[in-house]
Number of protein chains: 2
Amino acid sequence: MTANENDLQTLFRFLNEIGIVAQLSANAFGKVMPEGMTLPQFVVLNHLVRLGDSRTPVSIAQAMQVTKGAMTNTLGHLEGKGFIAIVPDAHDGRSKRVSLTAMGKAARDAAIEALGPELRGIAGEIAMPGIIKALPAVESLRKVLDIRRDPKS
Amino acid sequence: MTANENDLQTLFRFLNEIGIVAQLSANAFGKVMPEGMTLPQFVVLNHLVRLGDSRTPVSIAQAMQVTKGAMTNTLGHLEGKGFIAIVPDAHDGRSKRVSLTAMGKAARDAAIEALGPELRGIAGEIAMPGIIKALPAVESLRKVLDIRRDPKS
DNA sequence: ACTATATAGTTCTACATTAAACCAAATGGA
DNA sequence: TCCATTTGGTTTAATGTAGAACTATATAGT
């Protein structure tokens with residue numbers, strides 16, 4: 001599977017477009033989010049809802065591909081608002097456990113609610129079958145980049 | 001074309017994946033770039049090569065979807081390194097014109113060169129036909145988000 | 001047991017970005 | 001012509017992130 005010049009051009013454009021879409025969608029998210037809820041905060045809350053409580057900060061950082069330092073920052077904000085509880089891990093003195101509070105769950109639900117109209121608007125203006133078909137390609141690209149970044153992940 | 005609940009889920013996941021891919025690829029770019037060349041700087045240089053010289057700062061900012069302030073910053077760096085020349089627009093006292101210098105062109109070519117192996121590596125580890133088929137979906141998503149952000153664009 | 005190494009988390013510095021306020025020049029309508 | 005509005009660009013403050021240095025605890029090999 002040797003890559004030809006055309007493939008490289010396409011891949012380059014693909015990553016370029018993805019960068020811009022990411023920037024545009026982050027902005028759009030920010031505009032509809034309830035006051036004070038930032039995208040990284042929301043993503044963490046959503047992660048906890050989907051994958052369950054009692055995650056460690058590092059595992060969350062890896063899942064969303066940010067540094068530990070960035071996660072310390074985000075978790076600090078969420079804890080300050082009472083959206084999560086952070087407790088020491090009983091079995092590992094180095095580690096901590098992050099869990100959602102009722103307020104955090106409510107805040108996440110409110111954010112999802114606020115996101116609805118925007119998502120519906122986008123979905124209504126785009127050819128969704130194409131998006132559905134494209135999703136696996138983006139996912140596999142994510143996996144490849146992930147592994148290249150840290151081969152032992 | 002009413003969006004059902006499944007479409008919203010898919011769109012949400014799609015944007016999520018795109019955000020992470022953007023972050024991963026920005027990091028990967030940063031690692032292979034020649035010393036001092038940042039991703040935004042490279043994107044601007046590349047934009048000038050592809051779309052031609054004599055662009056205005058605002059048009060570049062719009063093309064890559066960053067604020068005018070961010071562009072002022074990036075262009076300042078590029079000018080400081082001698083990669084671009086910025087001159088007042090003769091026909092519009094408010095405006096400026098940005099053009100590549102020989103050094104800027106060389107720096108862009110060197111960056112492209114440095115990017116090659118990384119792109120080749122990725123292209124070799126991924127199913128490129130899927131990427132090629134997915135590109136139009138990402139592009140149309142970009143257009144939709146673009147228009148929703150500023151309907152008169 | 002001991003030592004080297006790996007891992008969890010925090011802190012600090014540097015930097016790119018947004019949003020908003022601001023200035024200057026152009027545009028369009030009364 | 002004059003005034004209101006728009007547009008190009010800069011600047012400032014606030015924020016999120018990466019990267020590196022650091023502490024503390026766990027793990028593995030000898």
Side-chain angles (χ1 to χ4, degrees), chain A residues 19-20 22-33 35-44 54-81 84 86-98 149-150 152-153, chain B residues 19-20 22-33 35-44 54-81 84 86-98 149-150 152-153:
Chain A
I20 294 181
Q23 200 149 16
L24 285 167
S25 64
N27 277 13
F29 274 141
K31 288 212 201 312
V32 302
M33 285 281 183
E35 183 57 41
M37 173 69 74
T38 67
L39 181 53
Q41 287 174 31
F42 168 73
V43 175
V44 168
S54 211
R55 299 272 144 189
T56 69
V58 165
S59 75
I60 304 174
Q62 287 172 341
M64 53 200 293
Q65 294 300 339
V66 297
T67 59
K68 298 182 294 179
M71 191 49 55
T72 297
N73 185 350
T74 301
L75 293 180
H77 287 305
L78 288 171
E79 190 182 29
K81 294 181 189 170
I84 58 173
I86 307 180
V87 298
D89 186 319
H91 304 304
D92 187 334
R94 300 165 300 177
S95 197
K96 298 186 172 179
R97 291 285 159 176
V98 179
R149 192 185 73 97
D150 179 14
K152 73 173 177 300
S153 73
Chain B
I20 293 181
Q23 199 150 16
L24 285 167
S25 64
N27 277 13
F29 274 141
K31 288 210 201 312
V32 300
M33 286 282 183
E35 183 57 40
M37 174 69 75
T38 67
L39 180 54
Q41 286 174 31
F42 167 73
V43 174
V44 168
S54 211
R55 298 273 145 188
T56 67
V58 165
S59 76
I60 304 174
Q62 287 172 341
M64 54 200 294
Q65 294 299 339
V66 298
T67 59
K68 298 180 294 180
M71 191 50 55
T72 297
N73 185 351
T74 301
L75 293 179
H77 288 305
L78 288 171
E79 190 182 28
K81 294 181 189 171
I84 59 173
I86 307 180
V87 298
D89 185 319
H91 303 305
D92 187 334
R94 299 165 302 176
S95 198
K96 298 185 171 179
R97 291 285 159 176
V98 180
R149 193 184 75 96
D150 180 12
K152 72 173 178 299
S153 77

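Below, all heavy atoms of this structure are taken into account, side chains as well, without hydrogens, waters or symmetry copies. Numbers restart at 1 for each chain; the letters A, B, ... are given by sequence-line order, proteins then strands.
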J.: Using the side-chain heavy atoms of B:K31, tell me which of these nucleotides is nearest: D:dA18, D:dG19, D:dG16.
T.: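 Closest nucleotide among those given: D:dG19.
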J.: Just the rounded figure in Å: distance from P of D:dG16 to CE of A:M33.
T.: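 Going from CE in A:M33 over to P in D:dG16 covers 13 Å.
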J.: In whole Å, what is the span from the NE2 atom of B:H91 to the C1' atom of D:dG8?
T.: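 Result: 16 Å.
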J.: Between P on C:dG9 and CG on A:L78, what's the gap in Å once rounded to a whole number?
T.: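 Rounded to whole Å, this separation is 15 Å.
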J.: Measure CD1/A:I60 against P/C:dA8 and give the value in whole Å, please.
T.: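 Going from CD1 in A:I60 over to P in C:dA8 covers 13 Å.
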J.: Please name all residues satisfying side chain to side chain donor-acceptor pair (under 3.5 Å) with B:K81, sequence neighbours left out, ordered by chain then number.
T.: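 For B:K81, the residues satisfying side chain to side chain donor-acceptor pair (under 3.5 Å) (neighbours in sequence not counted) are B:Q41.
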J.: Looking at every non-hydrogen atom in both residues, tell me the closest pair between A:M64 and A:V44 and how far apart they are.
T.: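 So the two residues come closest at SD-CG2, 3.5 Å.
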J.: Kindly write out the residues that satisfy side chain to side chain donor-acceptor pair (under 3.5 Å) with B:K96, not counting sequence neighbours, or none if the list is empty.
T.: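 Partners of B:K96 by the side chain to side chain donor-acceptor pair (under 3.5 Å) criterion come out as none, since no residue qualifies.
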J.: Identify whether any heavy atom of A:D89 sits under 4.0 Å from a base atom; if not, whether one sits that close to sugar-phosphate; answer base, sugar-phosphate or nothing.
T.: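 Here A:D89 touches no strand at all.
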J.: Whole Å only: how far is the CD atom of B:Q62 from the P atom of D:dT7?
T.: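 After rounding, the reported distance stands at 10 Å.
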J.: At less than 4.0 Å, is any side-chain N or O atom of A:T74 found next to OP1 or OP2 of D:dT15? Yes or no.
T.: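 So the side-chain polar atoms of A:T74 never come under 4.0 Å of the phosphate oxygens OP1 or OP2 of D:dT15.
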J.: Please enumerate all residues that pass side-chain contact (heavy atoms from CB on, under 4.5 Å) together with B:A26, with sequence neighbours excluded.
T.: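 Residues passing side-chain contact (heavy atoms from CB on, under 4.5 Å) with B:A26: B:L39.
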J.: Compare side-chain N and O positions of A:T67 against OP1 and OP2 of D:dT17 and report whether any pair is under 4.0 Å apart.
T.: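 For A:T67, the contact criterion (side-chain N or O under 4.0 Å from OP1 or OP2 of D:dT17) is not met.
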J.: Send over the distance from A:Q23 CD to C:dA16 P, rounded to a whole Å.
T.: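 Interatomic distance, CD of A:Q23 to P of C:dA16: 14 Å.
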J.: What residues, two or more places apart in sequence or in another chain, satisfy side-chain contact (heavy atoms from CB on, under 4.5 Å) together with A:T56?
T.: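 For A:T56 the side-chain contact (heavy atoms from CB on, under 4.5 Å) partners, ignoring immediate neighbours, are A:V58, A:S59, A:S95, A:R97.
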J.: Name the nucleic acid region contacted by B:Q41, choosing base, sugar-phosphate or nothing; use a 4.0 angstrom heavy-atom cut-off, strictly under.
T.: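 No contact at all - B:Q41 keeps every heavy atom at 4.0 Å or more from the nucleic acid.
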J.: In whole angstroms, how far is the C1' atom of C:dA16 from the CG atom of B:N27?
T.: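 Those two atoms, CG and C1', are 13 Å apart.
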J.: Can you measure A:L39 atom CG to C:dA19 atom P for me and round it to whole angstrom units?
T.: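 Roughly 13 Å, once rounded to whole Å.
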J.: Compute the angle between the rotation axes at the two ends of the helix from C:dA1-D:dT30 to C:dA30-D:dT1, each taken over five pairs, rounded to 10 degrees.
T.: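 Result, rounded to 10 degrees: 30°.
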J.: Who are the side chain to side chain donor-acceptor pair (under 3.5 Å) partners of A:N73, not counting sequence neighbours?
T.: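 Once residues adjacent in sequence are excluded, the partners of A:N73 under the side chain to side chain donor-acceptor pair (under 3.5 Å) criterion are A:H77.
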J.: Just to verify, what does A:A28 make a side-chain contact (heavy atoms from CB on, under 4.5 Å) with, not counting sequence neighbours?
T.: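 With sequence neighbours excluded, A:A28 shows a side-chain contact (heavy atoms from CB on, under 4.5 Å) to A:E118, given in chain and number order.
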J.: Return the CG to CD1 distance between A:L75 and A:I60, rounded to the nearest 0.5 Å.
T.: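 Going from the CG atom of A:L75 to the CD1 atom of A:I60 covers 5.5 Å.
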J.: When you get a sec, tell me which of D:dG19, D:dA18, C:dT17 is the closest nucleotide to the side chain of A:V66?
T.: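 The answer is D:dA18, which lies nearest to the side chain.
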J.: Encode nucleotides 9-14 of chain D as B, S and - characters from 5' to 3', where the letter depends on protein heavy atoms closer than 4.0 Å: B to the base, S only to sugar-phosphate, - to neither.
T.: BBB---
J.: List the residues meeting side chain to side chain donor-acceptor pair (under 3.5 Å) with B:Q23, not counting sequence neighbours, and say none if there are none.
T.: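 So B:Q23 forms no side chain to side chain donor-acceptor pair (under 3.5 Å) with any residue.
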